[in-house]
Amino acid sequence: MALSKDFLWGGATAANQYEGGWNEGGRGLSSDDVVTNGTHTVPRCLTYVNKKGEKVKTPMFVGADFEDVDHFECFDDCLYPNHMATDFYHHYKEDIAFMGEMGFKCFRLSIAWSRIFAKGGMPGEEPLEEGLQFYDNVFDECAKYGIEPLVTLSHYETPLALTEAWNSWADRRTIDCYLRYVETVFKRYSGKVKYWLTFNEINCIELGPWMAAGVLTTSKQVKMQAAHHQFVASAKAVKLGHEINPDYKIGCMLAYMLMYPYSCNPEDVHAAWKGTLNNVFYTDVQCRGYYPSYRLKEFEREGIVIQKEPGDDEILKEGTVDFLSFSYYMSMVAAAPDTKADKADGGNLFSGIKNPYLKASDWGWQIDPTGLRNALNTLYDRYQMPLFVVENGLGAFDKIEEDGSIHDTYRIDYLRDHIKAMDAAVNEDGVDLMGYTMWGCIDLVSASTGEMAKRYGFVYVDKYDDGTGDYSRRKKDSFEWYKKAIASQGTDLD
Ligand code: BGP
């Protein structure tokens with residue numbers, strides 16, 4: 001069965017992994033600029049100089065204590081792949097033309113916050129015209145091809161000045177800085193952009209506070225306080241957006257973690273349920289407008305106290321989102337504590353137990369198209385609001401043949417199976433789905449490993465892990481395949 005004519009087919013990217021131009025147009029540094037490259041087995045590191053004047057390189061997912069940092073620094077003997085990324089900054093016309101040729105209806109991108117406010121929007125700071133103009137150009141280019149932008153306001157990059165000043169989202173003052181920035185872009189792009197997301201994968205603050213929020217900490221108390229500030233900021237942004245333009249559709253974004261029980265042992269089932277709640281806590285707040293009872297009880301047990309200001313609860317209620325967007329790459333398995341089970345090889349931030357029924361990608365992400373149908377049903381049933389799959393795709397090694405072609409049949413297979421599952425969720429189960437933006441439509445830097453070798457795109461970019469490459473672009477086989485898939489509204493997937 002076909003997906004509707006107004007279904008928003010497209011692709012997704014993020015400034016920190018795609019845009020480059022890190023030191024152009026007056027752009028300020030952001031959290032991703034001080035993160036090195038890595039691999040499947042070597043962690044990406046955060047680099048800074050500590051209070052004793054020593055150079056420190058610490059795994060990004062371990063992080064550091066705010067008190068230890070004197071200042072952030074890029075070291076000469078390290079590579080920082082996000083600086084140039086895959087250079088959308090200078091290739092946006094070419095890339096959007098590719099998207100137009102594929103028939104994209106929608107292009108998900110993020111605005112680099114520090115390109116608009118170099119210091120994050122500190123009181124009295126003026127926005128950068130050059131940065132604003134860049135996105136004007138991008139949106140105008142999209143309009144030429146009838147492509148609707150879907151803009152993430154904060155995707156894995158936080159202006160570094162905010163961390164240096166007060167540990168960014170750990171401090172309430174960041175809410176006002178964010179809103180200054182958001183108000184500026186909401187007003188500037190009214191009429192050019194309709195769809196917005198307040199934060200990318202807001203739940204990733206728990207395992208990746210640096211990546212997700214520019215917060216230096218290992219403490220759950222600090223992370224949860226920072227999450228509260230993001231909830232309030234998101235709710236205020238939704239309200240503000242609707243005031244500025246009542247046509248705006250503003251969504252939240254969750255890294256959806258589908259949890260299967262390891263067995264029908266009720267303890268395994270309970271573990272999976274707990275994992276699910278841990279995940280949907282974020283959308284519970286953003287879609288329902290209040291903290292759910294299970295999390296309040298957990299905070300009570302663990303002695304976590306969220307500092308709220310009077311009016312915060314009302315703001316959360318008034319600023320619920322218009323739609324729920326999420327990323328979906330794989331499913332996970334949960335088991336009762338002390339269960340002896342094989343570990344999944346790799347996986348993303350939340351990796352866990354191996355699922356014997358599934359194959360995995362070269363990075364250990366367990367491929368599960370049926371899981372996408374389950375995810376769509378679970379989320380739709382829970383919130384009864386429109387959904388949007390804004391990330392899904394396969395990170396894989398691509399090989400250029402002698403004639404220059406790239407036969408990425410593995411990527412086509414992955415996408416075909418997921419699109420079929422999505423179609424079933426819509427046409428057989430009645431899920432209200434706005435669109436599908438496949439992740440990394442033009443090759444970009446991997447977020448978790450900082451690699452170029454892990455490629456997602458329909459378009460190959462000549463850029464490599466040692467920093468070489470001329471940034472030229474070429475189509476992979478999946479390019480024509482996706483074009484056909486879109487033209488046929490998802491019916492011609494061969
Ligand atoms: C999501 C992020 C993206 C993207 C994607 C793929 O979690 O929102 O930024 O990177 O995962 O992950 P990776 O790049 O690590 O393969």
Side-chain angles (χ1 to χ4, degrees), residues 11-19 30-32 35-44 59-61 81-82 85-86 88 108-113 150-158 197-214 251-258 279 282 325-332 344-351 360-367 372 375 388-398 410-411 414-415 418 436-457 461 463 465:
T13 62
N16 79 95
Q17 291 156 257
Y18 179 45
E19 190 175 280
S30 73
S31 52
D32 58 298
V35 178
T36 67
N37 61 342
T39 68
H40 191 14
T41 48
V42 178
R44 304 191 76 180
M60 171 174 72
F61 290 117
N82 300 44
T86 46
F88 176 66
R108 177 178 175 225
L109 71 161
S110 69
I111 294 180
W113 180 352
L150 164 63
V151 175
T152 317
L153 291 157
S154 175
H155 189 136
Y156 287 176
E157 43 81 35
T158 310
L197 302 176
T198 53
F199 290 97
N200 180 62
E201 296 188 333
I202 190 163
N203 52 315
C204 286
I205 198 166
E206 280 193 44
L207 287 179
W210 180 259
M211 185 169 81
C252 58
M253 201 295 201
L254 179 76
Y256 189 67
M257 299 294 151
L258 179 62
N279 188 224
Y282 294 85
S325 79
F326 65 102
S327 59
Y328 176 85
Y329 293 90
M330 68 188 119
S331 58
M332 260 139 291
D345 168 32
N348 72 357
L349 288 181
F350 298 84
S351 67
S361 78
D362 289 330
W363 276 261
W365 296 25
Q366 305 191 98
I367 302 169
L372 177 57
F388 203 142
V389 178
V390 293
E391 284 187 34
N392 172 245
L394 181 72
F397 295 107
D398 288 330
Y410 36 88
R411 182 167 294 110
Y414 178 101
L415 295 172
H418 284 79
Y436 174 85
T437 53
M438 165 275 195
W439 174 252
C441 46
I442 314 279
D443 282 349
L444 37 66
V445 178
S446 148
S448 54
T449 61
E451 287 168 292
M452 275 312 304
K454 188 182 189 188
R455 293 176 183 270
Y456 283 89
V461 179
K463 157 98 191 252
D465 285 329

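Order of appearance sets the numbers: ligands from 1, and atoms from 1 within every ligand. We're numbering straight along the sequence, starting at 1.
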Looking at Q17, which atoms of ligand 1 are within less than 4.0 Å of one of its heavy atoms? 4 (C), 9 (O), 10 (O), 14 (O)
Got S327 and E201 here, is their nearest side-chain heavy-atom distance under 4.5 Å? yes
Sequence neighbours left out, what passes ring-ring contact (aromatic ring centres under 6.0 Å, His included) with F388? Give chain and number order. none
With heavy-atom distances below 4.0 Å as the criterion, list the atoms of ligand 1 near K454. 13 (P), 15 (O), 16 (O)
Ligand-side contact atoms (ligand 1) for residue partner E391, heavy atom cut-off under 4.0 Å: 1 (C), 2 (C), 3 (C), 4 (C), 5 (C), 8 (O), 11 (O)
For Y156, the atoms of ligand 1 under 4.0 Å from one of its heavy atoms are 2 (C), 7 (O), 8 (O), 9 (O)
Looking at Y456, which atoms of ligand 1 are within less than 4.0 Å of one of its heavy atoms? 6 (C), 12 (O), 13 (P), 16 (O)
Using a heavy-atom cut-off of under 4.0 Å, does the side chain or the backbone of Y329 touch ligand 1, or both, or neither? side chain
Quick check, are the ring centers of Y328 and W439 under 6.0 angstrom apart? no
Taking the side chain as everything from C-beta on, heavy atoms only, tell me whether E451 gets closer than 4.5 Å to V445. no
Residues at least two apart in sequence or cross-chain that pass side-chain hydrogen bond (donor to acceptor under 3.5 Å, both in side chains) with H155, listed by chain then number, are R108, N200
Has M253 got any heavy atom lying under 4.0 angstrom from an atom of ligand 1? no
With heavy atoms under 4.0 Å as the rule, classify the contact between W365 and ligand 1 as side chain, backbone, both or neither. side chain
Hey, are the side chains of Y282 and E206 touching, using non-hydrogen atoms and a 4.5 Å cut-off? yes
N392 and Y436 side chains, donor-acceptor separation under 3.5 Å: yes
Tell me, do V35 and N82 make a side-chain contact under 4.5 Å, heavy atoms counted? no
Taking only non-hydrogen atoms of E201 and a 4.0 Å limit, the atoms of ligand 1 in range are 1 (C), 2 (C), 7 (O), 8 (O)
Using a strict 4.0 Å cut-off to heavy atoms of H155, name the atoms of ligand 1 that fall inside it. 3 (C), 8 (O), 9 (O)
Filtering G393, A447, A212, S327 for the heavy atom nearest atom 14 (O) of ligand 1 leaves A447
Here the atoms of ligand 1 under 4.0 Å from any heavy atom belonging to N200 are 8 (O)
